Structures are given as C-alpha cells and as structure tokens.
Amino acid sequence: MTAQPETVPEAQPSPELPRVLVMIPTYNERENVEWIVGRVRSAQPDAHVLVVDDASPDGTGELADALAAADGHVHVLHRPGKQGLGRAYIDAMRWGMARGFTILVELDADGSHQPEQLGRLLERAGAAQLVLGSRWVAGGAVENWPWYRQAISRAGSAYARFVLRLGVRDVTGGYRAFQASALDKLDLGTVHSHGYAFQVDMLVRAVRAGLTVAEVPITFVERERGASKMSVGIVAEAMLRVTWWAIARNRR
Ligand SMILES: Nc1nc2c(ncn2[C@@H]2O[C@H](COP(=O)(O)OP(=O)(O)OP(=O)(O)O)[C@@H](O)[C@H]2O)c(=O)[nH]1
Ligand SMILES: [Mg+2]
C-alpha cells in the first residue's frame, strides 16, 4: 500500500476564473487616487488595481504607495516622468501580463469611468476579446459635459469610424477590458500614440487582428476634481494619426 500524504494540498483556483487587473494611469491626481481606488475595490473585491504614476509632482505616487502598503490588491508602477497615457498603459499591460492577469481593464482616475459599471464590461469580457465601455450606444450617456466636449468626442468618433471603417460607436473612449491573451496579437512594442490616439490605435489594431469586439453602454461622468490633461495637442495628434492611418490603409 502506498503512503497517503498527510496534508491535503490547498485547493488551487480554477484555471477558468479570470484574474482581473484594473490599470489606473495617474498624473497629478492627488485629489482622486484614494477615492477611485476605493471605489474599484468596493465594486470588484476580487480584482487587483495597478496605479501607473508618471512621477506626479503633486505626490500622487506616494499616496498610491500608502494605499498599496495597506492593501495587497493594490499595486503601483512608478515611471520616471510624464510620457503620456499610451506609454503608461503599455507598461501597465506588460506588468499585468507578466503576472498572469487574464483581463486587463483601462480606467481613468478622475471618476469619469464609474467602477460600479465595471461589472457590465466584465460580463462580456469572457466572450469578447475587447470590451468597450461606450458613451454612444443605446443606454450610454455623458454627464456634465459642455456641448463642445460632446461635439468634439462625437465628431471624432464619427470621423475615425468612417475613415477607418471600424464599425463601433465609441472609438476614443478609455474604459475598456482586454483579454490578456489577445494583447499578444497587437504588437504593443510598435504603439507610439499618446492621448486619444492611443485608444484609436489599439482599437484599429484589435479590429485588424480579427479580435472579437463588444460595446456596452456606460455613463461617462465629467471629472469634478483635479485638472484635465486634455489639450489641443492631444486632439490634433488623434486627428492627424487617424487621417494618416486611413490614407495608409487605402494605399494598400
Ligand atoms: N501616467 C500617466 N497618466 C496620465 C497621463 N496623462 C493623463 N493621464 C491620466 O489619464 C487619465 C485621463 O486623463 P484626463 O486628464 O482625465 O484626460 P481626459 O479624460 O481626456 O480629459 P477630461 O475628460 O477633460 O478629464 C487620468 O487618470 C490622468 O491622470 C500621463 O502622461 N501619464
Ligand atoms: Mg478625464
């Protein structure tokens, strides 16, 4: 008779269970970081949070460190200086993929993306490789945006959708859930876009790589605290890059 092991091995988590990482890029979000991290932790207690801070002069990074020290589900990635949202997300994705997270979520620190609606994205993230939180589908909405911000966003999405033939409504939105395994197909090393262009870039890559893309309605809430990093340069980068991608596509 063979000897029986004395201790029962600990139950292993089922390989089907998703491991969710919510990536929150921050630059001077001192007034928001604790609030937003707390909301994510309450809304999705199993998910982990990664704050990606670009050496914010206002001390956001140190505040995030304190949150991480108090909560094993909170992590911080410090980057040496402000290099734009796109670079921050690429680093965060690599961090998450290296640690075995299976769903990687993009979420702004300023409260525009409500953690309480994350469940809607995660429900679809098993079947779809990329889930977009969408302001411009039925049931989607924007709160407290002046008419000109709505106009820029709607027009930008419509333009990019048309010239790039994307077939989704909200092209620039930044509330998204990616299956980590699908990110391998997007050649992250060649992404050089920074602001809204980063979101369009990732979507174009996803569509061209044949990923399954789903849109779910969200209510986007304008930031109440802290300063916006939106700039004419960010809008111009998006317009120019989208136009260039469209020209390059039609040449092929
Ligand atoms: N790490 C990092 N985060 C950034 C950078 N630029 C913006 N962010 C963060 O990215 C998120 C989105 O930036 P926002 O300033 O809210 O830009 P926006 O949502 O386009 O503009 P508003 O709607 O006017 O707020 C926020 O959490 C910012 O703190 C950056 O260069 N590095
Ligand atoms: Mg914002």
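Everything numeric in this text was worked out from a predicted model, so none of it was measured. Order of appearance sets the numbers: ligands from 1, and atoms from 1 within every ligand.
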Proximity winner for atom 16 (O) of ligand 1, if only heavy atoms of N32, V33, V51, D110 are counted: D110
D53 and T60 side chains, donor-acceptor separation under 3.5 Å: no
T26, portion touching ligand 1 at heavy-atom distance under 4.0 Å: backbone
Residue and atom name of the nearest protein heavy atom (relative to atom 15 (O) of ligand 1), distance in Å to one decimal: K229 N, 2.6 Å
Residue part near ligand 1, for A88, under 4.0 Å between non-hydrogen atoms: side chain
Ligand 1-proximal atoms of R149, by part, heavy-atom distance under 4.0 Å: side chain
Distance from atom 26 (C) of ligand 1 to nearest protein heavy atom, with residue and atom: E29 OE2, 3.4 Å
Top protein contact for atom 18 (P) of ligand 1, by heavy-atom distance: Y196 OH, 4.1 Å
Cation-pi geometry met for R99 and W95 (6.0 Å, 45°): yes
R169 atom CZ, neighbour heavy-atom count above 12 within 6.0 Å: no
Nearest non-hydrogen protein atom, atom 30 (C) of ligand 1: K82 NZ, 3.5 Å
Parallel, tilted or perpendicular: rings of H113 and F220 (30°, 60°): perpendicular
E222 and ligand 1 - part of the residue with a heavy-atom distance under 4.0 Å: side chain
